[in-house]
*Asks:* 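To start, I am sharing the structure in question, which I have written as structure tokens.
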Amino acid sequence: MRIRFGYVAMALGIPEGSPNKTVTASTLNKLADPFDRFSKLTRLVKENLSTQIRVLYYNLAHDIKVFRFTSKLVPLATHSITSGWNYSEEFQHELAEIGTLIKKAGIRVSAHPDHFAILNSKDANVLEATLSDLCYHVNLFDAMGLGIEAKLVLHVGGVYQDKLQALLRFKSEFSKLPSRIKDRIIIENDDRSYNANEVLSLCEDLKVPMVLDVHHHSCCNDGTALTDILPAIFATWGSMIPKIHISSPKGTKNVRAHADYINVDEFIGFLDIAKQYNQDFDVMIEAKQKDLALFSLMKDLRNVQGVTIINQGAIEY
DNA sequence: TCGTGTCAAGATCTT
DNA sequence: AAGATCTTGACACGA
């Protein structure tokens, strides 16, 4: 089976490789002239977008075809201080350039609204903020000219001590989403609330792909072995190539936090499970050292029996 | 320039 | 009811 690797948001292997530059609302508020606020924001977005393009070229130079965007390309995009700002139109040229590059190079991209985006929150304000955040991400994908293959990863969350009700609320809110959002959502098992089994059932119900996070599964599970559910998880992707997330625990005391690099033995453990299903898949590396962790894992994989290195960002196993 | 605090976000645990 | 905690990378600011 063929496995491709990707990393999240920023490149540590090149200078100025972070498209995460931002500003706080309070700093903007201190600028008396609205024009100054506007130009400060505009400068930051332009910088982030040009960094993003540079990072994509860097990825291509290293055969990395899987990438997750930062959610901060447009600082404060969903903050009330920028309400009415048509960033998609203002940066249409730059965003289109990014999209063209992605399509031409065949890069698989996604985004992951952070865990404050809660589709099934009981709080109407939180729900509104969540919808606005999802809309923001989709606005960027649309402006890039990317279709529904550009996915948005969500967690379930919104438990309030009642997981069953929370799941019902999730399904109900999901069904109300506009298709431009709904068609892009994929759901991931998390590290404390919803395990892989529960998310699998939800994904089967909603007919959306499931992202298996192998590390989260080891933090939060009901005793189900991956061997038993992996084929069903892969099946939620239909004809698409499944994607999984991997990371390693930071330490024995803090098992949920992400370590700098990926432990190759843990990953091989997963590969050995996956191998029996002979399904190609993509792997998102969630390690603090980002691209450097990817390179490090690839280096470690060179010494593993059964691994064939296809290029700097893919293996055959 | 360095270190500490703050910012964004929401749920949940503690006081 | 209010505050601390969790999480993340980067800004903001005082020393």
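Proteins get letters first, then strands, A, B, ... in listed order; numbering begins at 1 in each.
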*Asks:* Between A/E198 and A/K163, is the closest basic N to carboxylate O distance under 4.0 Å?
*Replies:* yes
*Asks:* Under the criterion salt bridge (Lys or Arg N to Asp or Glu O under 4.0 Å), which of A/R68, A/R4, A/K151, A/R2 is the partner of A/D282?
*Replies:* A/R4
*Asks:* Distance check needed: C/dA12 C1' versus A/L76 CG, whole Å only.
*Replies:* 14 Å
*Asks:* Would you please confirm or rule out a distance under 4.0 Å between OP1 or OP2 of B/dA11 and any side-chain N or O of A/Y160?
*Replies:* yes
*Asks:* Of all the nucleotides listed (C/dA10, B/dG10, C/dC6), which has the minimum atom distance to the side chain of A/R256?
*Replies:* C/dC6
*Asks:* Using OP1 and OP2 only, check whether a side-chain N or O of A/K30 sits under 4.0 Å from C/dC13.
*Replies:* yes
*Asks:* Select one nucleotide: of B/dA11, B/dA9, B/dC7, the one nearest the side-chain heavy atoms of A/F116.
*Replies:* B/dA9
*Asks:* Across the strands shown, which category fits A/D114 at heavy-atom distances under 4.0 angstrom: base, sugar-phosphate, nothing?
*Replies:* nothing
*Asks:* What integer distance in Å separates A/R43:CZ from C/dA10:P?
*Replies:* 18 Å
*Asks:* Answer with base, sugar-phosphate or nothing: what part of the nucleic acid does A/S121 contact at a heavy-atom distance below 4.0 Å?
*Replies:* sugar-phosphate
*Asks:* Looking at B/dC7, C/dA10, B/dG10, which one has an atom nearest to any side-chain atom of A/N20?
*Replies:* C/dA10
*Asks:* Has A/T27 got a side-chain N or O lying under 4.0 Å from the OP1 or OP2 atom of C/dA12?
*Replies:* yes
*Asks:* Please determine whether a side-chain nitrogen or oxygen atom of A/K21 lies at a distance below 4.0 Å from atom OP1 or OP2 of C/dC11.
*Replies:* yes
*Asks:* May I ask you to evaluate whether A/S18 reaches the phosphate of C/dA10, defined as a side-chain N or O under 4.0 Å from OP1 or OP2?
*Replies:* yes
*Asks:* What's the spacing between A/H79 NE2 and A/T22 OG1 if we round to 0.5 Å?
*Replies:* 10.0 Å
*Asks:* Rounded to the nearest 0.5 Å, how far apart are CD1 of A/I309 and CD of A/E316?
*Replies:* 11.0 Å
*Asks:* In whole Å, what is the span from the CG atom of A/N29 to the P atom of C/dA12?
*Replies:* 12 Å
*Asks:* In whole Å, I'd like the distance from the CD1 atom of A/I118 to the C1' atom of C/dC6.
*Replies:* 13 Å
*Asks:* Side chain of A/V23 only, please: which of B/dT12, C/dA10, C/dA12 is the nearest?
*Replies:* C/dA12
*Asks:* Within the 4.0 Å heavy-atom criterion, would you say A/K288 contacts the bases, only the backbone, or no part of the nucleic acid?
*Replies:* sugar-phosphate
*Asks:* How many Å lie between NE2 on A/H155 and P on B/dA11, as a whole number?
*Replies:* 14 Å
*Asks:* Grab the CZ-P distance between A/R192 and B/dA11 for me, whole Å please.
*Replies:* 14 Å
*Asks:* So A/A129, base contact, sugar-phosphate only, or nothing? Heavy-atom distance under 4.0 Å.
*Replies:* sugar-phosphate
*Asks:* When all nucleic acid strands are considered with a 4.0 Å heavy-atom cut-off, which category describes A/A25: base, sugar-phosphate, or nothing?
*Replies:* sugar-phosphate
*Asks:* From CG of A/D260 over to C1' of C/dT8, roughly how many Å is that when rounded to an integer?
*Replies:* 14 Å
*Asks:* For the residue pair A/V66 and A/I107, establish whether any side-chain heavy-atom pair is separated by less than 4.5 Å.
*Replies:* no
*Asks:* Return whichever of A/L28 or A/H115 has its heavy-atom-nearest nucleotide of DNA chain C closer to the 5' end.
*Replies:* A/H115
*Asks:* For this output row, return yes or no: ring centroids of A/H137 and A/F141 closer than 6.0 angstrom.
*Replies:* no
*Asks:* Nearest whole Å is fine: how far is C/dT8 C1' from A/K72 NZ?
*Replies:* 6 Å
